[in-house]
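All ligand and atom numbering here is 1-based and tracks the order in the structure. Both backbone and side-chain heavy atoms feed into the values below; hydrogens, waters and symmetry mates do not. In what follows, residues are counted from 1 in the order of the sequence shown.
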Amino acid sequence: MTVDDRFTRDFRETDGEEPLGIRNEIVTGPVSDWATDFSHLEPEWVADPYPIQDDLRQRCPIAHTERFGGGWLPTRYEDVAAVAYDTERFSSRSIIMSNFRPPRELAPMGGSPPISSDPPFHHDARKLLLPAFTKTAVAKQEESTRALCHALIDEFRGREVVDAARDYAQHIPMRVIAAMLGFPPEDGPRFREFIENVLEGVNHPPEERMERMQQLFDYLLAQIRDHVDHPRDDLTTYLINAELYGQKLDPSHVAGTMALLLIAGIDTTWSAIGASLWHLAKTPADRARLVAEPGLLPTAMEELLRVYAPVTMARLVKEDMHWHGVDMKADDWVLLSFPAANRDPAQFERADEVVIDREVNRHAAFGLGIHRCVGSHLARMELRIALEVWLERVPEFGLADPEAVTWAAGQVRGPRTLPLIIGR
Ligand code: HEM
């Protein structure tokens with residue numbers, strides 16, 4: 001049996017000191033003016049953020065809010081890109097905008113490396129992950145992903161209406177990342193709870209959020225200990241044995257990266273698959289064209305990723321500064337809306353239309369700069385297989401009830417209820 005002392009005690013145990021951090025009063029309720037009081041958690045934004053972002057781009061391209069202790073929202077592609085590339089002035093110490101800012105001492109690693117890390121540490125933490133997510137490595141998951149998609153559709157037999165978000169989209173990335181990390185496939189429902197807590201529960205009081213995070217880290221610690229005792233060929237064992245600067249990784253690095261992969265790996269792709277099926281369900285011409293021309297799928301997928309980009313990230317301002325015409329204060333948030341950047345008419349022709357055969361498409365759905373998505377090959381493989389199998393098996397489908405479709409609140413946007421008529 002392998003004994004690894006790093007994981008025998010709970011790595012979160014402290015010597016009794018309260019973790020430092022800034023906590024702000026929680027403000028919710030209707031927005032008075034999106035230019036001066038925006039909130040991505042309010043129902044109007046959750047239902048349809050695009051008209052709000054388009055209006056802001058014209059009227060006030062860097063909007064402000066006093067909520068969450070103060071934050072900014074750039075909606076032009078060039079401003080989003082400028083923030084994403086400028087790691088000197090904007091930190092990734094926390095990338096989820098909430099009422100709590102983690103202590104500055106957490107930089108440069110942050111709680112979930114590499115997404116929460118700043119240079120130079122970021123580069124080394126990211127490099128550790130790259131081999132597991134190359135095109136070749138990801139291709140190994142393709143056959144089992146295809147078999148899973150078929151098995152999920154087999155379950156539709158005899159049903160006229162299915163929930164494409166719950167019965168199909170969510171299971172695909174859950175099973176794939178669980179297999180890569182070496183977690184039991186039947187733990188899927190627990191992953192869903194963790195994701196909702198981290199990404200959607202941002203307006204819960206900090207104590208409650210931490211309590212909920214604790215459940216995630218308890219789960220991860222149990223998985224780590226099991227892998228220490230029974231090493232196997234998966235990402236968890238890889239991270240346990242990985243070294244940086246001649247030493248094994250800090251336990252909080254191992255667990256933080258596992259949490260990142262679990263959350264970034266599931267919610268995002270589930271959202272992208274769901275939003276694509278939602279679009280095809282309500283746009284029969286695009287659906288029919290893809291069924292007739294399956295070779296167009298890779299091009300169409302990029303356009304669906306552009307228009308329905310699921311991921312918005314956040315940054316923290318490092319020091320007080322005058323930036324692109326506004327006065328930012330240290331520790332202000334910047335909500336980095338890749339979805340808004342992707343619909344900027346200064347960057348894309350017919351920016352708010354879905355042009356499924358768009359040829360030139362340098363979208364920002366996977367981010368820009370040093371934090372650009374490590375899992376993009378995996379995400380594209382899952383999205384391609386999910387749509388390919390669906391269109392082959394269920395070529396005719398439509399929205400069962402457009403009013404019944406619900407969307408995730410928070411920084412990852414995708415359908416969470418998506419009833420489709422599949423006409424069987
Ligand atoms: C359609 C699906 C996905 C989308 C749209 C997406 C989007 C993004 C975006 C926008 C970022 C940049 C974050 C930032 O700038 O702060 C990012 C980073 C990241 N993503 Fe994804 N992602 C997807 C799927 C995945 C998958 C399947 C995985 C792996 C399991 C993954 C792992 C990561 C990691 C590890 C990072 C951090 C990279 C770094 O900080 O250097 N993502 N993703």
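- Ring geometry for W72 against H64 counts as tilted: the plane angle lies between 30° and 60°, on a 0 to 90° scale.
- Proximity annotation for atom 2 (C) of ligand 1: of P310, A379, A364, S271, A379 comes nearest, heavy atoms only.
- Considering backbone and side-chain N/O atoms, R126 comes within less than 3.5 Å of an N/O atom of ligand 1.
- Cation-pi geometry between R306 and F348 is met: under 6.0 angstrom from the ring centre, within 45 degrees of the axis.
- Salt-bridge check for E142 with R146: passed, with a basic side-chain N closer than 4.0 Å to an acidic carboxylate O.
- Across M313, R315, R380, heavy-atom proximity to atom 15 (O) of ligand 1 is greatest for R315.
- Remark: the D233 side chain and the Y238 side chain contain no N/O donor-acceptor pair separated by less than 3.5 Å.
- Protein heavy atom nearest atom 11 (C) of ligand 1, with residue, atom name and distance: F366 O, 3.8 Å.
- Aromatic rings from H377 and F133 are positioned such that their centres are separated by 6.0 Å or more.
- Nearest to atom 25 (C) of ligand 1 among the protein's heavy atoms is A264 O, 3.5 Å.
- Side chain to side chain, Y245 and D124 meet the donor-acceptor criterion of an N or O pair below 3.5 Å.
- Nearest-heavy-atom check against atom 10 (C) of ligand 1 across G367, S116, P339 picks out G367.
- If you check which protein heavy atom lies closest to atom 24 (C) of ligand 1, you get T268 OG1, 3.3 Å.
- The proximity of M301 to ligand 1, defined as any non-hydrogen pair under 4.0 Å, does not occur for either the backbone or the side chain.
- Contacts of L260 with ligand 1, taken as heavy-atom pairs under 4.0 Å, involve the side chain alone.
- Closest to atom 32 (C) of ligand 1, if we only count protein heavy atoms, is G375 N, 3.7 Å.
- With a 4.0 Å heavy-atom cut-off, ligand 1 is reached by the side chain of A272 but not by its N, CA, C or O.
- Atoms of ligand 1 found under 4.0 Å from any heavy atom of I370 (numbered from 1 in listed order, with element): 41 (O).
- Protein heavy atom nearest atom 21 (Fe) of ligand 1, with residue, atom name and distance: C373 SG, 2.3 Å.
- Considering each of A84, G265, G369, the one bringing a non-hydrogen atom nearest atom 26 (C) of ligand 1 is G265.
- Using a 4.0 Å cutoff on heavy atoms, L336 does not count as a contact of ligand 1.
- Relative to the six-membered ring of F397, R287 meets both conditions, a distance below 6.0 Å and an angle of at most 45° to the axis.
- Applying salt bridge (Lys or Arg N to Asp or Glu O under 4.0 Å) to D267 and the options R416, R413, R192 leaves one that passes, R416.
- Heavy atoms of H371 found under 4.0 angstrom from ligand 1 belong to the backbone as well as the side chain.
- For H122, every heavy-atom contact with ligand 1 shorter than 4.0 Å involves the side chain, none the backbone.
- The protein non-hydrogen atom at the shortest distance from atom 29 (C) of ligand 1 is F133 CE2, 3.7 Å.
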- Could you go step by step and tell me if F156 and W390 meet the ring-ring contact (aromatic ring centres under 6.0 Å, His included) rule? CA-CA 11 Å; F156 296 172; W390 181 287; 5.7 Å; yes

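- Residue contacts with ligand 1: S92 is placed with no nitrogen or oxygen under 3.5 Å of a nitrogen or oxygen of the ligand (distance criterion only).
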- Item | Pair D86-R315, salt bridge (Lys or Arg N to Asp or Glu O under 4.0 Å): steps then yes or no | CA-CA 10 Å; D86 189 346; R315 298 288 187 267; over 6 Å; no

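- Inspection of the H122 and S92 side chains reveals no N or O donor paired with an N or O acceptor under 3.5 Å.
- Contacts between I115 and ligand 1, counted as non-hydrogen atom pairs separated by less than 4.0 Å, involve both the backbone and the side chain.
- Defined by atom type and a distance below 3.5 Å, a donor-acceptor pair is missing between the side-chain atoms of D118 and T87.
- Only backbone heavy atoms of A365 (N, CA, C or O) come within less than 4.0 Å of ligand 1; its side chain stays farther off.
- Checked for salt-bridge contact, K248 and E243 miss the test: no charged N lies under 4.0 Å from a carboxylate O.
- Heavy atoms of I177 found under 4.0 angstrom from ligand 1 belong exclusively to the side chain.
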